[in-house]
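These notes concern the structure reproduced below.
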Amino acid sequence: KRICDLMVEILVRGKQFDDVWGMIEDMERYDFAVPADCFTVLIRSYGRVGMVREAIGVLEEMVDFGCKPTVDCHNAVLDVLVENNRFEEVQGIYKRMQLAGPKPDSITSNIIMYGLGKSGNVGEARRLLEELNRSVCVPDVVTYTTLIVGLCKAGKVFEARDFVDDMIKEGFEPDVVTYSSLINGFCKIRKMEESLELFAEMADRGCVPNVFTYSTLMNGFCKVGRLDDACRVLKEMSQLRCIPNIVTYNTLIYGLCNVGRLDDARGIYEDLVAQGYTPSVETFNILIDGYCKAGWLDNSFELFHKMWGHGCPPDVCTYSTMIYGLCKAGRIENAVELMDRMRNKGCLPNAVAYNTLLDGLCKANRLDDARKLFDEMWKDGCNSDVFSFNTYIDCLLKLGRLDEALPVYKDMLANGFLPT
RNA sequence: CCCGUUGAACUAUCGA
């Protein structure tokens, strides 16, 4: 037990994987049984720093130390794989567990369920639930909630809602996470009345909303421009002694930006800083985006430069936002420069960043540059999505290059993207 | 206090 605590300490604070392996070797040398928990911790730590191969490798290596890989270790590996979207490998390990052990437990099932939802495979997710109901490995509230989240992400929110009734029938009480997830699902499709109904229903069932629930509702109202309702939610939560956190405030800042009240939004930010509150990178991104959309580029840059001082260096969203603002203002050259600068800072552009610049180039009729960028997007693999094709094809058509657009369209279909 | 094998909230891109 104590050994494990020590390892956690070393891994969480210093990420000194070699030291931990050294400890394990020492223990082996002195004939100490290494607790399997230690390896679980090790797997999770590898996962946290993105060392997926090493995380998987622990399963094999622990055998060399006379440790049987437990179901917990397997679960940890599965979770790391799901977090990294390595779904094929997840299925592989899961199948192997079913056949050769260790026997999957309910946590295994929940991780598999999470993976199915994350990959948009909701049909399989539903099937998994049925399968679990028929087996010894019963689902629990987490299984249901995870399925509900998956369905919501796939846009099947009403179907997700029905599962709440199902789970109650099966004797599982939905908890605050279940309700918050479903409320979020309805908020995302702008069905605020349904969200509020659920909010009332959870209260009826004695389920107490938390800061997630309230922030979710606020965000829903902000998205549809109902800032006053969002503020009412904020007031209610405060009266009920539910303390707003940075996400709550970010949501409020977003809501103010969304109705054009940029100065009030900035005021909230200034208040937070004045009170010693730490803004998050999202705080900056929201405000910078507000300024960009309003064409106040100077304000955007001013905040952009302040980010480092607040311990929030710009991330790929920040750069995309700034690129968008620069393109919108016709400063294409600066946008291209910023893309280079982000790379130099070690921030790799993702599909959105590329698309933003691509769209800027297209709208500026710079077909040659757009073509170059479009080809470049493919170099690193999955940096292209259906929006890239939309943008590029639209550009070609506007410039009368139907001949060039058609092969691109075929390419899009060949890559499994459906026209929107 | 943080950490702990599984679930929920905030930010960026095209088009309609």
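Here is how names work: the chains are called A, B, and so on, in the same order as the sequence lines, proteins then strands, and each is numbered from 1.
Residue A/K363 places at least one side-chain N or O closer than 4.0 Å to OP1 or OP2 of B/G15. In terms of phosphate contacts, A/K293 brings no side-chain nitrogen or oxygen within less than 4.0 Å of OP1 or OP2 of B/U11. In terms of phosphate contacts, A/K223 brings a side-chain nitrogen or oxygen within less than 4.0 Å of OP1 or OP2 of B/U11. Applying the 4.0 Å criterion to OP1 and OP2 of B/G4, one finds that A/R48 has a side-chain N or O inside that range.
For the pair A/M342 CE and B/A12 P, the interatomic distance rounds to 15 Å; values are reported in whole Å. Per the geometry, CG belonging to A/L373 stands 14 Å off C1' belonging to B/C14, to the nearest Å. Regarding A/F389, its CZ atom lies at a distance of 15 Å from the C1' atom of B/G15, rounded to whole Å. Here B/U6 presents its P atom at 20 Å from CD1 of A/I148, a figure rounded to the nearest Å. Atoms CG (A/N250) and P (B/A12) sit 12 Å apart, rounded to a whole Å. We find that CG of A/N245 is positioned 15 Å from P of B/A8, with the value rounded to whole Å. Rounding to whole angstrom units, CG of residue A/L81 and P of B/U5 are separated by 16 Å. Rounded to an integer number of Å, the gap from A/F387 CZ to B/A16 C1' is 12 Å.
As judged by a 4.0 angstrom heavy-atom cut-off over every strand, A/S320 is placed among the base-contacting residues. Using a 4.0 Å heavy-atom cutoff across all strands shown, A/K188 reaches sugar-phosphate atoms only and no base atom. Residue A/D72 is in base contact, counting any heavy-atom pair closer than 4.0 Å across all strands shown. A/T146 comes within contact range of the sugar-phosphate backbone alone, with a heavy-atom separation under 4.0 Å but no base atom that close.
Taking each heavy atom of A/R126 and A/L147 in turn, the nearest pair found is N-CD1, 4.0 Å.
Taking the side chain of A/T178 as heavy atoms from C-beta on, and the options B/U13, B/A9, B/G7, the nearest nucleotide is B/G7. For A/D394, taking side-chain heavy atoms from C-beta onward, the closest of the listed nucleotides B/A8, B/A12, B/G15 is B/G15. Distance from the side chain of A/V352 is smallest for B/U13 among the nucleotides B/U11, B/U13, B/G7. Listed candidates were B/A9, B/U6, B/A8. Nearest to the side chain of A/D79 is B/U6. With distances taken from any side-chain atom of A/D359 to the nucleotides B/U5, B/A8, B/C14, the minimum falls on B/C14. Closest contact between the side chain of A/V177 and the listed nucleotides B/U5, B/A8, B/U11 involves B/A8. Taking every side-chain heavy atom of A/D175 into account, B/G7 is the closest of B/U13, B/U11, B/G7. Candidate nucleotides B/U13, B/G7, B/A8 were compared by shortest atom distance to the side chain of A/S180, and B/A8 ranks first. Each of B/A8, B/U6, B/U5 was ranked by its minimum atom distance to the side chain of A/F212; first place goes to B/A8. Ranking B/U11, B/U13, B/U5 by closeness to the A/N355 side chain, first place goes to B/U13.
Side-chain to base pairing of A/N350 with B/A12: one donor and one acceptor N or O lie within less than 3.5 Å of each other. In the interface, the side chain of A/T145 is paired with the base of B/G7 through a donor and an acceptor atom under 3.5 Å apart. For B/A9, its base never sits under 3.5 Å from the side chain of A/N210 at any donor and acceptor pair. Applying the 3.5 Å distance criterion, the base of B/A12 shares no donor-acceptor pair with the side chain of A/T321.
With respect to A/E236 and A/R232, no salt bridge is recorded, no charged nitrogen being found less than 4.0 Å from a carboxylate O.
Ring orientation note: the planes of A/F301 and A/H305 are close to parallel, at an angle under 30° on the 30°/60° scale. Classification of the A/Y291-A/W296 ring pair by plane angle, with boundaries at 30° and 60°, yields parallel. Between A/F284 and A/Y269, the ring-plane angle classifies as perpendicular under the 30° and 60° cut-offs.
Side-chain contact between A/D140 and A/N110: present, with at least one pair of heavy atoms (C-beta onward) separated by less than 4.5 Å.
With both ends at atom P, the span from B/A8 to B/C3 equals 16 Å, rounded to whole Å.
Aromatic ring centres of A/F304 and A/Y319: separated by under 6.0 Å.
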